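Have a look at the structure below before the remarks.
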Amino acid sequence: SSSEADEMAAALEAELNDFM
Amino acid sequence: TPSSSDVQLTEDAVRRYLIRKPMTTKDLLKKFQTKRTGLSSEQTVNVLAQILKRLNPERKSINEKMHFYLTE
């Protein structure tokens with residue numbers, strides 16, 4: 001579903017923001 | 001043994017996409033959908049995060065959305 005995709009994108013961006 | 005997945009989430013695959021064109025996190029996730037890779041959502045996020053940290057792609061904003069890209 002698109003909401004699951006949104007959640008995954010948000011989780012991924014949160015992980016990357018810690019790093020970048 | 002037959003593979004259960006037809007798409008593999010690997011550093012090479014991500015690199016090839018990012019060399020071709022800038023992509024958002026959502027664009028990348030669409031390329032590696034869990035039903036294609038056989039990974040869970042959590043695994044997908046974790047593996048993709050590790051790959052992006054290693055590749056350390058350039059970033060640019062397109063239509064106010066952050067995109068990653070690589071040059072050869």
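Lettering follows sequence order; numbering is per chain, from 1. Computed from a prediction, not measured in an experiment: that's the story for all the values here.
Note on B/Y69: it does not cluster hydrophobically with B/I19, by side-chain heavy-atom contacts below 4.5 Å among ILVMFWY residues.
You'll find the side chain of A/E15 stays beyond 4.5 Å of the side chain of B/L48, heavy atoms only.
Residue B/T24 does not touch chain A at all, counting heavy-atom pairs closer than 4.5 Å.
The contact list for residues 25-33 of chain B toward chain A, using heavy atoms and a distance under 4.5 Å, reads B/T25, B/K26, B/L29 by residue number.
Taken from CD in B/Q50 to CG in A/L16, the straight-line distance is 9.5 Å, to the nearest 0.5 Å. To the nearest 0.5 angstrom, B/L52 atom CG is 6.0 Å from A/L12 atom CG.
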List the atom pairs, donor and acceptor, that lie under 3.5 Å between side-chain atoms in residues 9-17 of chain B and the rest of the protein, sequence neighbours left out.
residue	atom	partner	partner atom	Å
B/T10	OG1	B/A13	N	3.1
B/E11	OE1	B/R54	NE	2.5
B/E11	OE1	B/R54	NH2	3.0
B/E11	OE2	B/R15	NH2	3.4
B/D12	OD1	B/R15	NH1	2.7

